[in-house]
Number of protein chains: 2
Amino acid sequence: MTIRQPRVGGRARSGGRPTLEEVAARAGVGRGTVSRVINGSPRVSERTRAAVEAAVAELGYVPNTAARALAANRTDAIALVVPEPEGRFFAEPYFSDIIHGVGVALAETEVQLLLTFASADRERRRLAQYLAAQRVDGVLLVSVHADDPLPDLIEDLHIPAVVSGRRSASEPLASVDSDNFEGAKAAIGHLLGRGRTRIATITGRLDVYGAQRRLDGYRAGLSEAGLEEDESLVEPADFTEEGGRRAMSALLRRRPDLDAVFAASDVMASGARQILREQGRRIPEDVSLVGFDDSAIARHMDPPLTSVRQPIEEMGREMTRLLLAEIASVDAHHPRSARQLTREQVLLPTELVVRASS
Amino acid sequence: MTIRQPRVGGRARSGGRPTLEEVAARAGVGRGTVSRVINGSPRVSERTRAAVEAAVAELGYVPNTAARALAANRTDAIALVVPEPEGRFFAEPYFSDIIHGVGVALAETEVQLLLTFASADRERRRLAQYLAAQRVDGVLLVSVHADDPLPDLIEDLHIPAVVSGRRSASEPLASVDSDNFEGAKAAIGHLLGRGRTRIATITGRLDVYGAQRRLDGYRAGLSEAGLEEDESLVEPADFTEEGGRRAMSALLRRRPDLDAVFAASDVMASGARQILREQGRRIPEDVSLVGFDDSAIARHMDPPLTSVRQPIEEMGREMTRLLLAEIASVDAHHPRSARQLTREQVLLPTELVVRASS
DNA sequence: ATCACACATGGGAGCGCTCCCACCGTACCT
DNA sequence: AGGTACGGTGGGAGCGCTCCCATGTGTGAT
């Protein structure tokens with residue numbers, strides 16, 4: 001028989017990173033005690049804690065995350081999943097703001113943020129594998145389309161998740177959204193205050209829940225002011241500039257007497273403005289124009305566009321808060337199968353930014 | 001005495017993700033064999049492999065990464081470290097291109113990309129912890145400044161790493177850079193071909209190695225054409241638009257007879273153009289202008305700017321290739337302390353994009 | 001038929017941690 | 001004095017994998 005040698009090679013002790021056990025030996029305590037100190041358990045005497053901390057500092061000990069993840073069944077990492085090609089991701093300041101908000105919310109925790117793109121089908125599959133492999137404790141999903149299968153997949157996997165922008169009134173996942181309804185209503189209130197009464201709207205794709213809510217807000221704003229609904233003032237579009245142009249043309253043809261336009265996005269407002277100008281309507285003298293999103297476009301338009309600002313960074317913060325809470329609740333109620341996720345729905349207030357176009 | 005119960009709770013078998021052992025049982029083979037199949041070892045018979053693959057599919061088995069990382073001492077993840085605040089990161093298309101390149105290089109591997117920002121000091125410390133905790137197998141470093149301590153830190157940790165843009169001629173880490181010298185020389189060659197002989201240059205911050213190389217290329221281009229060096233045609237700046245304006249003013253004051261300007265960045269070229277226009281010099285009739293980077297600015301300038309294109313996406317690809325190679329070589333030569341990293345230096349060719357400004 | 005050798009396979013040990021139970025000592029009560 | 005309680009501590013077991021050694025099992029050469 002041969003005596004089994006301890007495994008040598010890559011993980012040899014010499015020069016490797018120190019382990020818990022080594023710290024314990026150095027501090028003259030047991031492994032469990034060191035673990036308690038590292039994890040900030042209160043059940044450790046002051047003397048012992050100090051001794052362990054000294055040993056940690058001397059050895060430059062850093063816990064091995066893989067071991068911790070395996071033993072504790074958590075990774076202390078969350079993923080921000082962007083179901084878009086990188087190109088669009090970088091083009092839109094939206095994402096930058098979201099990430100910033102997430103970063104703020106994570107700053108005081110030990111949780112790491114991972115960014116993942118998943119536009120192509122192939123990448124989707126990879127992502128599914130990734131999530132199933134339990135590499136993250138939870139997922140932030142931004143910019144999901146109504147027909148995206150990703151959220152359902154995540155739901156099946158029983159992974160804590162938060163989406164930005166509900167997909168419907170009965171969003172099954174926890175979500176953070178801006179108050180599209182009130183935002184639109186405020187825009188209408190503002191236009192009414194300017195003395196406008198024939199207010200048209202250009203909507204986004206109505207299969208997007210947020211677009212529907214903006215339309216609802218438009219209608220509520222008018223009816224609360226005692227104005228009758230008038231479908232000839234409503235023109236659907238698709239969130240694009242070209243769509244904005246077409247819708248504006250249609251509206252002017254149908255209702256040449258309109259004195260204000262509420263576009264459900266800045267991009268569509270930009271398209272509308274082009275047509276208004278071509279047709280010789282002055283902004284804001286003849287027609288007031290209001291957009292939605294308060295994007296860079298709004299600030300740089302001529303004249304600068306009044307727009308409804310969404311608190312994007314705050315949405316990022318809030319999403320993170322919700323996700324961390326879900327993860328914590330899962331840890332608590334152990335049974336992984338029967339867990340209760342909170343599925344909280346948060347609605348953040350919007351703000352009307354008034355500029356020269358109204 | 002009490003009989004020790006198997007641990008229950010979160011990690012109970014019921015409903016949990018299947019393990020290797022369960023796949024093995026299902027396929028009627030041993031644990032080792034399943035592991036071999038999963039990892040694509042050739043030492044498995046065709047029959048067995050098929051049986052295991054069937055079991056994997058039936059159970060929806062996905063290996064647990066934490067366990068794998070712990071046992072194999074690798075994570076199959078690399079980090080892209082951006083020592084900039086997120087804002088700048090998103091503002092510059094440079095990063096988007098790099099990431100795209102990295103993504104392409106990673107597409108055919110199982111390696112996951114993590115994005116990490118680390119501008120503030122606090123974040124730096126976190127990052128250092130993160131790396132020490134062995135959460136990634138290697139690091140891609142972009143946009144490092146000459147005085148950044150991060151690369152040295154990474155070097156001390158003996159973590160495979162690749163930087164984009166060497167910090168000096170003797171870069172200690174593996175690096176990928178574009179050929180600034182030849183790029184600049186080509187720009188000068190082009191201007192000479194246009195019949196220009198009094199060619200000035202606006203340099204970047206000369207403590208940035210790349211800026212120095214562009215200046216060297218400028219000089220080499222002139223001397224190869226038999227022109228004498230003339231320091232009155234060289235004006236240092238700092239890569240900013242304002243710097244470009246100042247440098248251009250100084251050059252015009254000193255050398256009103258100049259007939260071409262090579263700016264070491266498009267942004268500086270943009271500043272230079274403003275001054276040239278103010279002074280009534282026509283581009284390109286009176287003065288030819290060439291920039292560097294071929295950024296969006298170059299395409300949108302009036303007139304469109306001739307510029308030296310860097311193969312950014314390819315740099316991302318190449319960095320990834322180098323990093324994966326380093327990681328592989330580390331795995332091979334086990335002893336973690338005495339490892340030999342390749343420290344390869346790659347120089348990618350640039351390309352002159354000729355537009356109306358020259 | 002015998003040996004040698006390759007190839008295929010099973011399973012023990014161990015990666016570094018967390019969790020939890022058992023145990024120790026001390027303080028406080030009866 | 002004996003009992004009880006509890007804060008503090010040590011260390012076994014186990015997380016799910018990889019690695020490698022030991023053990024079959026089949027093939028061709030002798």
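All chains are named by letter (A, B, ...) in the order of the sequence lines, taking the proteins before the strands, and each is independently numbered beginning at 1. Every value quoted in this text rests on a predicted model; they were computed, and no experiment measured them. Both backbone and side-chain heavy atoms feed into the values below; hydrogens, waters and symmetry mates do not.
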If you look at every strand shown and take non-hydrogen atoms under 4.0 Å, does A/Thr65 touch a base, only sugar-phosphate, or nothing? nothing

Separation of atom CZ in B/Arg74 from atom C1' in D/dG16, rounded to whole Å: 14 Å

Restricting to non-hydrogen atoms, name the atom on A/Ala133 and the atom on B/Pro63 that form the minimum distance, rounded to 0.1 Å. CB-O, 3.5 Å

Given DNA chain C, 5'-ward residue of the pair B/Pro42 and B/Arg31, judged by closest heavy atom: B/Pro42

What integer distance in Å separates B/Glu46:CD from C/dC7:P? 16 Å

In short, A/Glu326 meets A/Pro160 closest at the heavy-atom pair OE1-CA, 3.5 Å

From the list D/dG16, D/dT18, C/dC17, which nucleotide is the closest neighbour of the side chain of B/Ala72? D/dT18

Among C/dG16, C/dG10, D/dT18, which nucleotide has an atom closest to any side-chain atom of B/Val29? C/dG10

Report yes if at least one side-chain N or O of A/Ser35 is closer than 4.0 Å to OP1 or OP2 of C/dC17; otherwise report no. no

Would you indicate, yes or no, if C/dT9 has its OP1 or OP2 atom less than 4.0 angstrom from a side-chain nitrogen or oxygen of B/Thr33? no

Under 4.0 Å between a side-chain nitrogen and a carboxylate oxygen: does that hold for B/Glu313 and B/Arg317? yes

Donor/acceptor link under 3.5 angstrom from A/Arg17 side chain onto base of C/dG16: no

Closest heavy-atom pair and its distance - A/Glu108, A/Val104: OE1-O, 4.1 Å

Kindly give the heavy-atom pair with the smallest separation between B/Ala132 and A/Val62, and that separation in Å. CB-CG2, 3.9 Å

Dump the intermediate steps for side-chain contact (heavy atoms from CB on, under 4.5 Å) on B/Leu150 and B/Arg124, then the final yes or no. CA-CA 8 Å; B/Leu150 212 49; B/Arg124 291 298 180 90; 4.1 Å; yes

Nearest to the side chain of B/Leu70, heavy atoms from C-beta on, is which of D/dC20, D/dC17, D/dG16? D/dG16

Between B/Gly32 and B/Ala66, name the one whose nearest nucleotide on DNA chain D is closer to the 5' end. B/Ala66

Integer-rounded Å distance: D/dG16 P and B/Ile38 CD1: 15 Å

Among D/dC17, D/dC20, C/dC17, find the nucleotide with the atom closest to the side chain of B/Arg36. D/dC20

For the pair made of CG in A/Leu20 and C1' in C/dC19, what is the distance, rounded to whole Å? 13 Å

Is the distance from OP1 or OP2 of C/dT18 to the nearest side-chain N or O of A/Asn39 less than 4.0 Å? yes

A/Arg47 CZ to D/dT9 C1': how many Å, rounded? 14 Å

Could you tell me the separation between the CG atom of B/Asn64 and the P atom of C/dC17, rounded to a whole number of Å? 17 Å

Value in whole Å for how far the C1' atom of D/dC15 lies from CZ of A/Arg135: 17 Å

Phosphate OP1/OP2 of C/dA8 contacted by B/Thr48 side-chain N/O (<4.0 Å): no

Distance, rounded to the nearest Å, where A/Arg43 contributes CZ and D/dG7 contributes P: 6 Å

Please work out if B/Arg68 contacts a base, only the sugar-phosphate, or nothing of the nucleic acid, heavy-atom cut-off 4.0 Å. sugar-phosphate

